[in-house]
Amino acid sequence: MSKIVKDTENQLRLLIKDAIKSSAKKGELPETDELNFIIEIPADRSNGDYSSNIAFAGAKAFKMPPRKIAEIIAENIDLKDSYFSECTASGAGFLNFILADKFYADILLDIKALGSDYGKSDYGKGEKINVEFVSANPTGPMHMGNARGGALGDCLASVLDMAGFSVCREFYINDAGNQIDKFALSLDVRYKQIYLGEDAVELPEDSYHGEDIKQRAKEFAEINGDSFMSRSEDERRNALISFALPKNIQSMKDNLSKYRIEYDKWFNESELHNSGEISEVIDMLTKNGKTYEKDGALWYKNIEVQTKMYLEMGKTAEEIEKLELKDDVLIRANGNPTYFAADIAYHRNKLEKRNFSKAIDIWGADHHGHVARLKGALSAIGIESSRLDVVLMQLVRLTRDGEIVRMSKRTGKSITLVDLLEDIPIDAVRFLFNMREPGSQMDFDLDLALEQSSQNPVYYCQYANARICSIFKKLKLEGITPRDCTENELKGLKEPEERELIRHLSGLTDEFILAAKYYDPARITRYATTLATLFHKFYNACRVSVPDESLMQSRLLLCSCVRETMVNILTLLKITTPTSM
RNA sequence: GUUUCUGUAGCUCAGUUGGAUAGAGCGUCCGCCUCCUAAGCGGAAGGCCAGCGGUUCGAAUCCGCUCAGGAACGCCA
């Protein structure tokens, strides 16, 4: 882990505190208690590399105008042997700092030493986190929402991993319950239609109408012929399900694998039914007085639980009344548990039985109404609800020629994950889906994804890497091989383009930590795009192959650090890094 | 109606726990290869941060209200 950036900020904090102490000793500032102040990187870099608001924060305590305080601190600060070369007071009272040459040299040496570990940190302290994403129904093909969820969940898991968490990628297979009955019924109808004709058996309105169901029924018929026509409905449906479900699940695994997603755990909902865990949570809720019977069904007292939660949060009774809370069914009148009941058991399984300290679920935003009641139900069985975090992801629209695309040209049906991956390079899909934060509605531009130019950020980033490879290749032909550089040599990298590039490199570890903290992998694609921009600027402004051997080697080392960083990021996003383009 | 997400340049979007003159890319216009990949770089133009009020040294950012758009409000999942 790169400690230099962290050390730099800590050092700055101490330098400021020391300066205040020595000013107080000289009587230039009054004695005061610890002050809360921040250290930040100014948006406008011409104001320095770091700045602090200490003078504003201390204005009241010191009973002096901020500008005056800043001047006194700047006067008394001792920068000898620090990572800073200059401290000035400016504006209404900002304290600005310029980084010293040593900082730049040390960052590069650090990156070089860390190699593929550069960017990793122990922020997460090995905490066990479960990231569940996609979890598409195995009753049909995966759609665009699954495509975004897949890219997002997989990259979020990687980001958490980089930030020092111990991550488990999980897929929840809904292989039980209502939709499986519906699946069976749909298959059954399609199977019978093969032998009796399409008009003889009608497909109910609320069953699955997709071509994929027809296809599975046909495959079943090719193997078994009409032998199941004479069997009982139960036997026939069971046979159809045991034939079609594994095939569908395998096909999801294959397609996700093509999308470069490998799960650590495929969790079957049916396990929760078979093991009795669903009954267990229902018993727990009942024991805690959170259920009642009505109309032959067993209900969960959502209104009661959430009202209590909201009252604790400080809402008034009137405000809660307006929320129009509703109770929910746990066991239907027909004796089958609902999805909700299974979900409570599933999350208890993750958090209690398997001891994950946190469960992160990636859900489509259309499920947002489910979050509060699930959290409530968890707390009602004694599980701290903050241990579940749900990342709600807004829906995706596809556009082509500026128009919204709803249907696939080839099939005439809505576009599936498979359709998308056939048309668009996987590198582009994975990158573009991670360019927006999850909560923003996004338009996925099909033309842009196919574009092989700077307009397409994924190519732009890959190109930076390819250019660096090309430099090394060219110099190798001239008999020049990269060597280690001394700190003094690296201090010679003083061009503004070099400095800016190195400063950006230094921020990688923090960026991963922030992406992990805010569950936002989009920060990383943005970081990569900026890195590419700064490299291209450097490339244009500074030649690597120059007569000054020391400078050339320093620039080579800078290039290799940029390459290391870019490759680390793209590899993490599971995007390829071609050495020539 | 209630919940929830969103509203920043012509378009797509950044904008850190409130900080200095609000940033990028695309598109438009003008430039840069006898030199490591022009899939690149530089410059110009483009803004009432949806609106109104509040909090304070200071608000795109925090709070309240209003307006506009998406989504959800099932014994579906």
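Below, chains carry the letters A, B, ... as their sequence lines are ordered, and counting in each starts from 1. These numbers come from the heavy atoms of this one structure, side chains and all, not from hydrogens, waters or symmetry mates.
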Worksheet item: Counting N and O atoms only, with roles assigned by atom type, does the side chain of A/Glu71 sit under 3.5 Å from a partner on the main chain of A/Lys68, one being a donor and the other an acceptor?
Response: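 No, the answer is negative, given that no donor and acceptor are paired below the 3.5 Å cut-off.
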Could you check whether [X] gets within reach of a base, just the sugar-phosphate, or nothing at all, counting any heavy atom under 4.0 Å?
| X | result |
| --- | --- |
| A/Asp295 | base |
| A/Arg373 | base |
| A/His368 | base |
| A/Cys542 | base |
| A/Ser90 | base |
| A/Ala466 | base |
| A/Thr530 | nothing |
| A/Lys473 | nothing |
| A/Glu437 | sugar-phosphate |
| A/Arg543 | base |
| A/Gly439 | sugar-phosphate |
| A/Ile331 | nothing |

With distance as the sole criterion, do the side chain of [X] and the base of [N] form a donor-acceptor contact below 3.5 Å?
| X | N | result |
| --- | --- | --- |
| A/Asn96 | B/A20 | yes |
| A/His367 | B/A77 | yes |
| A/Gln441 | B/G69 | yes |

Worksheet entry | Shortest non-hydrogen separation from A/Val458 to A/Ala428 and the atoms involved | CG1-CA, 3.9 Å
Between [X] and [N], does any side-chain N or O lie under 4.0 Å from OP1 or OP2?
| X | N | value |
| --- | --- | --- |
| A/Asn174 | B/A77 | no |
| A/Tyr460 | B/C41 | yes |
| A/Arg332 | B/A77 | yes |
| A/Lys322 | B/G1 | no |
| A/Arg67 | B/C57 | no |
| A/Tyr527 | B/U16 | no |

Can [X] be said to sit on top of [Y]'s aromatic six-ring, NZ or CZ under 6.0 Å from centre and within 45° of the ring axis?
| X | Y | value |
| --- | --- | --- |
| A/Arg523 | A/Tyr518 | no |
| A/Arg467 | A/Phe535 | no |
| A/Lys290 | A/Tyr300 | no |

Options [options], nucleotide nearest the side-chain atoms of [X]:
| X | options | answer |
| --- | --- | --- |
| A/Arg436 | B/U12, B/U2, B/A39 | B/U12 |
| A/Tyr539 | B/A77, B/C36, B/C75 | B/C36 |
| A/Glu324 | B/A71, B/U2, B/C75 | B/U2 |
| A/Ser580 | B/U37, B/C41, B/U2 | B/U37 |
| A/Asn53 | B/U37, B/G19, B/C75 | B/G19 |
| A/Tyr339 | B/A77, B/A14, B/A20 | B/A77 |
| A/Lys326 | B/G19, B/G74, B/C36 | B/G74 |
| A/Asn178 | B/A77, B/C41, B/U17 | B/A77 |

Worksheet item: Which glycosidic conformation, syn or anti, is assigned to B/C62 if syn requires a torsion within 90° of zero?
Response: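 Judged by the O4'-C1' to base torsion, B/C62 sits in anti, the angle falling more than 90° away from 0.
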Item to complete: To the nearest 0.5 Å, tell me how far A/Leu245 CG sits from A/Thr139 OG1.
Response: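 Going from CG on A/Leu245 over to OG1 on A/Thr139, the span is 9.0 Å.
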For the pair [X] and [Y], find out whether any cationic side-chain nitrogen is under 4.0 Å from an anionic carboxylate oxygen.
| X | Y | answer |
| --- | --- | --- |
| A/Lys182 | A/Asp206 | no |
| A/Glu170 | A/Lys350 | no |
| A/Glu9 | A/Arg13 | no |

Discussion item. Assess the residue pair A/His370 and A/Trp363 against the criterion (ring-ring contact (aromatic ring centres under 6.0 Å, His included)); give the C-alpha distance rounded to whole Å, side-chain angles, the decisive distance to 0.1 Å, and a yes or no.
Written reply: CA-CA 10 Å; A/His370 189 59; A/Trp363 290 357; 5.4 Å; yes
Find the distance [X]:[atom1] to [N]:[atom2] and express it as a whole number of Å.
| X | N | atom1 | atom2 | value |
| --- | --- | --- | --- | --- |
| A/Phe94 | B/G18 | CZ | P | 14 Å |
| A/Arg467 | B/C35 | CZ | P | 14 Å |
| A/Phe512 | B/U16 | CZ | C1' | 17 Å |
| A/Glu40 | B/U61 | CD | C1' | 13 Å |
| A/Leu298 | B/C75 | CG | C1' | 11 Å |
| A/Tyr208 | B/C76 | OH | P | 12 Å |
| A/Met393 | B/A72 | CE | C1' | 15 Å |
| A/Asp510 | B/U16 | CG | C1' | 11 Å |

Worksheet item: If you write RNA chain B from 5' to 3' in dot-bracket form, with Watson-Crick or G-U pairs under 3.5 Å, [ ] for crossing pairs and | for pairs with another strand, what do you get?
Response: (((((((..((((.....[...)))).(((((.......))))).....(((((..]....))))))))))))....
Fill in: 5' precedence on RNA chain B between A/Ile38 and A/Met442 (nearest-nucleotide basis)
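Checking each residue's closest nucleotide, the 5'-ward one belongs to A/Met442.
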Worksheet entry | Comparing A/Leu514 and A/Asp443 on RNA chain B - which has the more 5′ nearest nucleotide |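 Mapping each residue to its closest nucleotide by heavy atoms, the 5'-most match is A/Asp443.
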Could you tell me how far [M] sits from [N] if I compare only their [atom1] atoms? Round to whole Å.
| N | M | atom1 | answer |
| --- | --- | --- | --- |
| B/A45 | B/G27 | C1' | 12 Å |
| B/C63 | B/G18 | P | 10 Å |
| B/U4 | B/G47 | C1' | 29 Å |

Fill in: Name of the residue among A/Phe133, A/Trp266, A/Phe267 meeting ring pair (Phe, Tyr, Trp, His ring centres under 6.0 Å) with A/Phe171
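The option that passes is A/Trp266.
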